[in-house]
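First the structure, in the form of structure tokens, and then the observations on it.
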Protein chains: 2
Amino acid sequence: MDELNSSTEQKIFDAAEAVFIKNGMEGARMKEIADIAGINKALLHYYYRNKEQLFMAVFQNAVDQFIPNIYNLLISELSLFDKIRAFLEQYGKILMKKQFLPLFILHEINRKPDKLVHTITSKGIQPQMLKNQINEEVRAGSIKPIEPRQLIVNLLSLCIFPIAGRPMFQRILFDNDADAYESFLHERMHSTADFIINAIKK
Amino acid sequence: MDELNSSTEQKIFDAAEAVFIKNGMEGARMKEIADIAGINKALLHYYYRNKEQLFMAVFQNAVDQFIPNIYNLLISELSLFDKIRAFLEQYGKILMKKQFLPLFILHEINRKPDKLVHTITSKGIQPQMLKNQINEEVRAGSIKPIEPRQLIVNLLSLCIFPIAGRPMFQRILFDNDADAYESFLHERMHSTADFIINAIKK
DNA sequence: GTCTATATTGTGATAGAC
DNA sequence: GTCTATCACAATATAGAC
């Protein structure tokens with residue numbers, strides 16, 4: 001019913017999102033987008049002047065979802081362990097619902113870094129606060145020595161790559177059983193925090 | 001000097017590898033491949049009938065490098081911890097030299113799974129042996145309880161994603177300093193094994 | 001084996017009627 | 001706003017000379 005009520009522009013955007021994410025900017029066809037949106041090719045150009053602008057709208061939206069607003073979490077008074085738990089809980093849910101985001105964004109950034117970086121950097125990520133907190137915990141002796149960025153990359157890798165690498169993992173390890181892999185990802189949402197905490201706690 | 005001595009077919013393959021990996025199958029242009037190989041477009045079709053076959057040659061080669069032959073490691077008598085250390089050491093070196101492999105392969109598999117899976121499954125990965133060993137160590141009480149595939153995915157995530165996600169990490173966390181990121185990856189080759197082992201040891 | 005020239009098709013984009 | 005018809009060009013692929 002969302003379909004029926006939504007504006008033509010929205011239908012175009014939704015169709016474009018599906019097609020760009022499935023095939024990438026280069027592999028996407030304006031014809032296919034128009035077909036899925038249930039309108040004509042010419043109308044795409046009426047709303048979005050050209051393919052590039054349509055792509056950028058989709059891409060920026062994808063980045064906005066992929067890099068969530070965790071400023072409140074970062075500045076909270078939670079302990080490091082609780083922040084890790086809270087982040088995995090919140091971000092895990094987002095990624096489970098938008099599993100295509102990581103691969104799409106990484107591929108496109110890789111293809112045209114200079115053109116697309118600003119969509120990321122402009123989001124104003126501030127890892128400094130988290131780095132400070134990690135350093136303090138190391139100095140206080142409450143966790144094992146670790147370079148903050150190593151921990152951050154570990155955290156993000158464990159959280160994102162099982163989804164980005166799904167096309168591979170699901171086939172190699174799960175006999176291409178989609179339901180089994182879905183359960184596997186769900187299970188991770190609870191177990192990954194413990195894995196990380198065990199790795200760094202003294 | 002490799003360039004000078006290599007056959008035309010090899011020069012074409014090398015050029016194709018560079019272009020396909022940079023732009024993907026859909027983004028690659030036969031013209032660019034010919035230019036880089038220093039020959040004419042028509043000659044591409046003489047050696048490889050069409051773009052598809054040229055791509056498949058490059059892709060299969062990429063998969064063969066990406067999924068290394070670790071059968072000997074898997075069946076070795078090493079303890080689980082030593083296997084983890086050995087794997088990270090060996091595979092880390094491969095990935096450091098071919099950093100483009102993960103993203104390229106994942107993107108293409110994602111684009112056309114049905115067409116490209118066989119290039120992976122035919123390699124006959126056998127995780128069963130490793131799964132058994134992990135289960136035994138859990139039962140023996142020498143490591144914390146963990147589902148074997150969770151550990152395997154953790155291991156691969158920590159090893160592959162820092163490279164697949166480099167375009168993102170390097171800019172967000174390292175101010176786009178390539179040398180600094182290279183050092184960061186090198187440091188990981190030593191620290192990641194300890195991270196994992198700490199996470200699972202009792 | 002390697003080239004030039006060309007055929008053929010696909011695709012993004014525009015013109016213009018309604 | 002939405003459509004049909006069409007342009008212009010890019011890209012794969014082939015023909016054929018050398």
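A, B, ... follow the sequence lines: proteins, then strands. Residue 1 opens every chain.
By the side chain to side chain contact (heavy atoms under 4.5 Å, CB included) test, Ile94(B) is found to be paired with Pro68(B), Tyr91(B), residues two or more places apart in sequence or in another chain being considered. In terms of the side chain to side chain contact (heavy atoms under 4.5 Å, CB included) criterion, residue partners of Leu88(A) (sequence neighbours excluded) are, by chain and number, Ile84(A), Leu155(A), Cys159(A), Thr192(A), Ala193(A), Ile196(A). Checked against side chain to side chain contact (heavy atoms under 4.5 Å, CB included), Glu147(A) has the following partners two or more places apart in sequence or in another chain: Arg149(A), Gln150(A), Phe184(B). Residues satisfying the side chain to side chain contact (heavy atoms under 4.5 Å, CB included) test with His118(A), not counting sequence neighbours, are Met56(A), Thr121(A). Not a single ring pair (Phe, Tyr, Trp, His ring centres under 6.0 Å) links Phe66(A) to another residue, sequence neighbours left out.
Taking every nucleotide of DNA chain D with any atom under 4.0 Å from a non-hydrogen atom of chain A, the first and last of them, 5' to 3', are dG1(D) to dT4(D).
Contacts with DNA chain C (heavy atom under 4.0 Å) in residues 39-57 of chain A: Lys41(A), Ala42(A), His45(A), Asn50(A), Lys51(A), listed by number. Residues from residues 15-31 of chain A with heavy atoms under 4.0 angstrom of DNA chain C, sorted by number: Ala28(A), Arg29(A), Met30(A).
Residue pairs meeting the side-chain hydrogen bond (donor to acceptor under 3.5 Å, both in side chains) criterion with at least one partner in residues 151-160 of chain A, sequence neighbours excluded, are Asn154(A)-Arg188(B). Within the structure, the side-chain hydrogen bond (donor to acceptor under 3.5 Å, both in side chains) test picks out the following pairs touching residues 171-187 of chain B (sequence neighbours left out): Gln99(B)-Glu182(B), Arg166(B)-Glu182(B), Gln170(B)-Asn176(B).
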Show me the donor-acceptor pairs within less than 3.5 Å that the side chains of residues 38-48 of chain B make with the rest of the protein, sequence neighbours left out.
unit_1   : atom_1 : unit_2   : atom_2 : d
Asn40(B) : OD1    : Ala42(B) : N      : 2.9
His45(B) : ND1    : Lys41(B) : O      : 3.4

Output a table of donor-acceptor pairs, distance under 3.5 Å, between side-chain atoms of residues 19-30 of chain B and any protein atom two or more places apart or on a different chain; print 'none' if there are none.
unit_1   : atom_1 : unit_2    : atom_2 : d
Glu26(B) : OE2    : Arg111(B) : NH1    : 3.1
Arg29(B) : NH1    : Glu26(B)  : O      : 3.4

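Taking the ring centroids of Phe100(B) and Phe104(B), they lie at or beyond the 6.0 Å cut-off.
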